Amino acid sequence: MIAFVSGPVAALAPDTAVVEVGGIGMAVQCTPGTLSGLRVGQQARLATSLVVREDSLTLYGFADDDERQTFELLQTASGVGPRLAQAMLAVHSPDALRRALASGDEKALTAVPGIGKKGAQKLLIELKDRLGAPVGSAAAAVGAPVTQGWSDQLHAALVGLGYAPREADEAVAAVTPQAQATLAEGGLPQVGSLLRAALQTLNRTR
């Protein structure tokens, strides 16, 4: 198993980072929050989980070991594959997922594309005792800051989660005032909170 990759970032795409390791470019699937903290040419260290299929080898990357462990534990629930597990981590931090499971928060789980009401109920039963108790503060759940091009990153994240470009455009427009208010106050928009707000607007329109 490849536990982590470390090296300069060679390239970034909406859902992938390429990290140079010993002269080899390792393509790593990452959430928008993880990608927002990477810069081409800068050193990066990503915790990783290798998913082996008959026709593919896919490396998933995470900001830390907690995210990777949560990713792997989520897949112990029936019907949860790596794509859905990564989508859950794109919308919620590990601690936010722990809080949702501990409190029986169906709404938090249905905010993830691909999870309906029945699916959320099933996950609450199967995963409640597997992820453990929250370990951080509520502030830790807001996600990594978007230092530049927040609208492009948010749009790419929504498309990566399966929404049509037109839907992504509408969701980005809906949360633009929130991002602009944060910038006006001298702060940085947070990719996690913007993504959650965008998903809420999409859920309301469906």
Side-chain angles (χ1 to χ4, degrees), residues 11-17 28-40 60-63 67 70-71 74 79-97 99-101 103 105-124 138-206:
L12 292 171
D15 61 354
T16 308
V28 187
Q29 300 284 317
C30 302
T31 65
T34 298
L35 290 170
S36 71
L38 304 178
R39 298 291 177 271
V40 173
Y60 290 85
F62 309 92
E67 278 195 3
T70 301
F71 171 80
L74 289 172
V80 178
R83 289 287 186 181
L84 183 56
Q86 189 177 51
M88 293 172 75
L89 285 168
V91 178
H92 299 297
S93 70
D95 249 14
L97 285 170
R99 281 193 294 274
L101 292 168
S103 62
D105 188 352
E106 287 182 20
K107 188 175 180 181
L109 295 180
T110 56
V112 179
I115 298 180
K117 183 177 178 63
K118 289 185 178 179
Q121 292 172 342
K122 188 176 179 182
L123 289 173
L124 288 173
V142 296
V146 181
T147 55
Q148 59 182 355
W150 69 267
S151 60
D152 291 339
Q153 291 184 36
L154 180 58
H155 189 279
L158 290 166
V159 172
L161 287 171
Y163 288 97
R166 177 186 57 78
E167 291 179 304
D169 288 338
E170 293 173 354
V172 170
V175 301
T176 292
Q178 176 182 331
Q180 290 178 336
T182 301
L183 290 167
E185 294 171 358
L188 292 174
Q190 305 283 328
V191 67
S193 59
L194 285 175
L195 184 56
R196 284 192 291 277
L199 288 168
Q200 287 173 1
T201 67
L202 287 165
N203 288 339
R204 283 196 296 268
T205 58
R206 288 189 163 186

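Every value quoted in this text rests on a predicted model; they were computed, and no experiment measured them.
- Here the shortest heavy-atom pairing between Leu195 and Ala90 reads CD2-O, 3.0 Å.
- We find the NE2-CZ distance between His92 and Arg99 to be 10.5 Å, quoted to the nearest 0.5 Å.
- The side-chain hydrogen bond (donor to acceptor under 3.5 Å, both in side chains) test applied to Asp105 returns no partner, not counting sequence neighbours.
- Closest approach of Leu74 and Ala85 over heavy atoms only: CD1-O, 3.8 Å.
- The two atoms that bring Ala120 and Ile115 nearest to each other are N-CG2, 3.7 Å, heavy atoms only.
- Closest non-hydrogen pair, Leu12 versus Ala17, comes out as CD2-CB, 3.7 Å.
- Distance check: Phe62 CZ to Leu89 CG gives 6.5 Å after rounding to the nearest 0.5 Å.
- Judged as a side-chain contact (heavy atoms from CB on, under 4.5 Å), and not counting sequence neighbours, the contacts of Ala168 are His155, Leu158, Val159.
- Residues that satisfy the side-chain hydrogen bond (donor to acceptor under 3.5 Å, both in side chains) test with Gln121, not counting sequence neighbours, are Glu106.
- For Ser103, the side-chain hydrogen bond (donor to acceptor under 3.5 Å, both in side chains) criterion is met by no residue, not counting sequence neighbours.
- Closest approach of Gly79 to Leu84, counting heavy atoms only: O-CD2, 4.1 Å.
- Contact between Ala111 and Leu199 at its shortest, heavy atoms only, is O-CD1, 3.4 Å.
- For the pair Ser93/Thr70, no side-chain contact is recorded, criterion being any heavy-atom separation below 4.5 Å from C-beta on.
- The shortest side-chain heavy-atom distance between Leu101 and Leu109 falls under the 4.5 Å cut-off.
- Gln86 has its side chain out of reach of Asp15: every pair of non-hydrogen atoms, C-beta onward, lies at least 4.5 Å apart.
- A distance-only check finds no donor-acceptor pair linking the side chain of Gln178 to the backbone of Val175 [under 3.5 Å].
- Rounded to the nearest 0.5 Å, atoms OH (Tyr60) and OG1 (Thr31) are 12.5 Å apart.
- Every residue meeting the side-chain contact (heavy atoms from CB on, under 4.5 Å) condition with Gln180, not counting sequence neighbours, appears here in chain and number order: Thr176.
- Applying the side-chain contact (heavy atoms from CB on, under 4.5 Å) criterion to Ala63, with sequence neighbours excluded, gives Thr34, Glu67.
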